[in-house]
Amino acid sequence: NLLRPQNPYAVSKIAASYLGYQYFESYGVKIVRLRPFNTEGPRRQDRYVISNFAKQVSLIEKGLQKPVIYVGNLEAERDFVDVRDVARGYWFAAKKGKLGEVYNICTCKAWRIGEILKMLISLSTVKKIKVKNDPKRLRPLDIKVFFGDNTKFVKETGWEPKIPFEKTLKDSLNYWRKNL
């Protein structure tokens with residue numbers, strides 16, 4: 001597949017993958033290359049969208065923030081995979097992955113950010129929460145839809161995501177409820 005990185009971070013990930021492959025080919029280093037998609041779950045830093053929304057909901061519930069959630073682009077769609085599934089994926093790759101290969105660790109489903117926000121708000125004990133756009137939260141270049149295909153990884157290792165997205169959201173929200 002043609003790779004078209006949209007930011008310096010993405011370029012660095014591609015470069016690291018190719019460097020790993022070069023070490024595998026040239027020096028026989030045992031490497032399996034992984035592409036985990038948007039990893040999410042409890043204890044995630046609040047600079048990431050789901051954790052940030054969950055933290056804001058928790059702040060609102062505790063009366064530490066007005067009942068307004070500040071957001072960026074709610075139209076983007078992303079493939080979110082629970083961090084616990086990603087950790088299992090690393091184990092499957094180490095035990096069953098083919099050396100030198102690259103695998104996607106993903107769910108093959110894109111969730112719209114606005115829908116995720118609605119789901120988190122629905123889990124809140126505060127029912128009247130407003131949503132306000134914050135221009136500082138917009139990216140200069142934002143891909144509209146980004147999701148992966150894990151067919152190769154599932155077929156070659158037997159891994160598959162086990163944790164439902166709704167559980168990831170609940171666990172993320174409960175983490176912030178306990179840790180503010």
Side-chain angles (χ1 to χ4, degrees), residues 1 3-14 16-17 32-60 69-93 97 102-124 129 131 133-134 137-155 157-180:
N1 292 343
L3 301 174
R4 288 176 265 179
Q6 300 293 311
N7 56 56
Y9 175 74
V11 170
S12 74
K13 299 302 259 181
I14 292 169
S17 178
V32 176
R33 298 173 295 146
L34 301 175
R35 293 182 185 149
F37 278 60
N38 295 69
T39 304
E40 198 53 73
R43 298 186 181 152
R44 184 80 160 144
Q45 294 173 326
D46 65 351
R47 66 185 183 113
Y48 298 97
V49 66
I50 291 175
S51 187
N52 184 272
F53 289 169
K55 182 180 181 182
Q56 288 189 71
V57 168
S58 297
L59 287 166
I60 291 166
I69 293 183
Y70 297 92
V71 302
N73 179 7
L74 295 179
E75 296 306 313
E77 297 177 35
R78 298 291 180 268
D79 187 334
F80 290 98
V81 60
D82 193 284
V83 65
R84 295 160 287 194
D85 281 332
V86 172
R88 280 183 40 260
Y90 283 20
W91 187 88
F92 272 73
V102 62
Y103 298 103
N104 292 334
I105 300 180
C106 58
T107 66
C108 305
K109 177 176 176 31
W111 289 87
R112 193 174 68 78
I113 302 301
E115 186 61 30
I116 294 167
L117 178 58
K118 285 180 186 175
M119 293 167 74
L120 281 167
I121 290 172
S122 76
L123 296 172
S124 175
I129 297 176
V131 175
N133 288 317
D134 179 357
R137 294 172 185 257
L138 295 173
R139 294 179 174 180
L141 181 61
D142 204 358
I143 300 167
K144 181 166 174 41
V145 179
F146 190 70
F147 66 98
D149 180 356
N150 66 19
T151 304
K152 177 179 166 184
F153 191 47
V154 170
K155 182 179 178 184
T157 69
W159 175 90
E160 61 184 39
K162 298 278 188 191
I163 299 173
F165 186 63
E166 295 77 9
K167 178 169 176 44
T168 303
L169 293 181
K170 286 178 187 175
D171 290 351
S172 296
L173 181 58
N174 287 332
Y175 167 78
W176 283 110
R177 284 172 170 158
K178 292 176 186 171
N179 291 284
L180 283 177

K.L.:
If only atom types and distance count, is the side chain of R88 paired as donor or acceptor with the main-chain N or O of E160 below 3.5 Å?
P.N.:
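At least one qualifying donor-acceptor pair exists.
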
K.L.:
I14: which residues meet the side-chain contact (heavy atoms from CB on, under 4.5 Å) condition with it, sequence neighbours left out?
P.N.:
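side-chain contact (heavy atoms from CB on, under 4.5 Å) check on I14 returns L3, P5, Y18.
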
K.L.:
Tell me the salt bridge (charged side-chain N to carboxylate O under 4.0 Å, His left out) pairs involving residues 167-180, sequence neighbours left out?
P.N.:
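Listed once each, the pairs are E61-R177, R84-D171, K167-D171.
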
K.L.:
Can you measure from SG (C106) to CZ (F146) and round to the nearest 0.5 angstrom?
P.N.:
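So the SG of C106 and the CZ of F146 are separated by 9.0 Å.
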
K.L.:
Between CG of L169 and CG of L117, what distance do you get to the nearest 0.5 Å?
P.N.:
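Going from CG on L169 over to CG on L117, the span is 10.5 Å.
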
K.L.:
Can you name the side chain to side chain donor-acceptor pair (under 3.5 Å) partners of R137, sequence neighbours left out?
P.N.:
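Per chain and number, R137 pairs via side chain to side chain donor-acceptor pair (under 3.5 Å) with N52, D134.
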
K.L.:
Tell me every residue that passes ring-ring contact (aromatic ring centres under 6.0 Å, His included) with F53, counting only those two or more places apart in sequence or in another chain.
P.N.:
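So F53 forms no ring-ring contact (aromatic ring centres under 6.0 Å, His included) with any residue.
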
K.L.:
Rounded to the nearest 0.5 Å, what separation is found between the OH atom of Y175 and the CG atom of D46?
P.N.:
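The CG atom of D46 is 9.0 Å from OH of Y175, to the nearest 0.5 Å.
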
K.L.:
Quick one: list whatever passes ring-ring contact (aromatic ring centres under 6.0 Å, His included) with F147, sequence neighbours left out.
P.N.:
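For F147, no residue satisfies ring-ring contact (aromatic ring centres under 6.0 Å, His included) once neighbours in sequence are set aside.
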
K.L.:
Enter the distance from R43:CZ to N179:CG here, rounded to the nearest 0.5 Å.
P.N.:
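Spacing of CZ (R43) from CG (N179) equals 8.0 Å.
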
K.L.:
Could you pull out all residues at least two apart from D142 that satisfy side chain to side chain donor-acceptor pair (under 3.5 Å)?
P.N.:
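Only N73, R78 meet the side chain to side chain donor-acceptor pair (under 3.5 Å) criterion with D142.
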
K.L.:
Work out which heavy atom in N133 is nearest to a heavy atom in G72; give both atom names and the distance.
P.N.:
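Shortest heavy-atom contact: OD1-O, 3.8 Å.
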
K.L.:
How are the rings of F165 and W111 set relative to one another: parallel (under 30°), tilted (30 to 60°) or perpendicular (over 60°)?
P.N.:
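The arrangement is parallel - the two ring planes meet at less than 30°.
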
K.L.:
Report yes if some heavy atom in the side chain of V131 is under 4.5 Å from a heavy atom in the side chain of I121; otherwise report no.
P.N.:
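Yes, their side chains come closer than 4.5 Å.
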
K.L.:
Do the side chain of S172 and the main chain of A54 share a donor and acceptor less than 3.5 angstrom apart?
P.N.:
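No.
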
K.L.:
Side chains of F80 and T168: does their closest heavy-atom pair fall under 4.5 Å?
P.N.:
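Not in contact.
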
K.L.:
Run the side-chain contact (heavy atoms from CB on, under 4.5 Å) test against R47 and tell me which residues pass, sequence neighbours left out.
P.N.:
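Once residues adjacent in sequence are excluded, the partners of R47 under the side-chain contact (heavy atoms from CB on, under 4.5 Å) criterion are Q45.
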
K.L.:
Mind checking what makes side-chain contact (heavy atoms from CB on, under 4.5 Å) contact with P8, not counting sequence neighbours?
P.N.:
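With sequence neighbours excluded, P8 shows a side-chain contact (heavy atoms from CB on, under 4.5 Å) to no residue whatsoever.
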
K.L.:
According to salt bridge (charged side-chain N to carboxylate O under 4.0 Å, His left out), does anything in residues 104-122 pair up with another residue at least two apart or in another chain? List the pairs.
P.N.:
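Passing the test, one end in residues 104-122: E75-R112.
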
K.L.:
Going by side-chain contact (heavy atoms from CB on, under 4.5 Å), name the residues that satisfy it together with N7, two or more places apart in sequence or in a different chain.
P.N.:
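Only Y9, A10 meet the side-chain contact (heavy atoms from CB on, under 4.5 Å) criterion with N7.
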
K.L.:
Does some side-chain heavy atom of I129 sit less than 4.5 Å from a side-chain heavy atom of S124?
P.N.:
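S124 vs I129: side chains touch.
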
K.L.:
If you define the side chain from C-beta out and look only at heavy atoms, does anything of Y90 sit under 4.5 Å from I105?
P.N.:
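When only atoms from C-beta onward are counted, I105 and Y90 do touch, with a gap below 4.5 Å.
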
K.L.:
When rounded to the nearest 0.5 angstrom, what distance separates CG in D79 from CG in D149?
P.N.:
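Reported to 0.5 Å precision, the distance equals 10.0 Å.
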
K.L.:
So which atom in V145 and which in I143 form the shortest heavy-atom distance, rounded to 0.1 Å?
P.N.:
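Nearest pair, atom of V145 first, then I143: O-CG2, 3.3 Å.
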
K.L.:
Side chains of residues 32-41: which donor-acceptor partners sit under 3.5 Å, not counting sequence neighbours?
P.N.:
{"unit_1": "R33", "atom_1": "NE", "unit_2": "G100", "atom_2": "O", "d": "3.2"}
{"unit_1": "R33", "atom_1": "NH1", "unit_2": "S17", "atom_2": "OG", "d": "3.0"}
{"unit_1": "R33", "atom_1": "NH2", "unit_2": "G100", "atom_2": "O", "d": "3.0"}
{"unit_1": "T39", "atom_1": "OG1", "unit_2": "F37", "atom_2": "O", "d": "3.1"}

K.L.:
So, W176 side chain and Q56 main chain: donor-acceptor pair closer than 3.5 Å or not?
P.N.:
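Checked: no pair found.
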
K.L.:
Would you say that K152 contacts N104 through its side chain, given a criterion of any heavy-atom pair below 4.5 Å between the two side chains?
P.N.:
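No, too far: nothing below the 4.5 Å cut-off.
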
K.L.:
Not counting sequence neighbours, which residues clear side chain to side chain donor-acceptor pair (under 3.5 Å) with T157? List them please.
P.N.:
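Listed in chain order: nothing, the list is empty.
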
K.L.:
Working to the nearest 0.5 angstrom, can you tell me the gap between S58 OG and L173 CG?
P.N.:
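These two atoms lie 4.5 Å from each other.
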
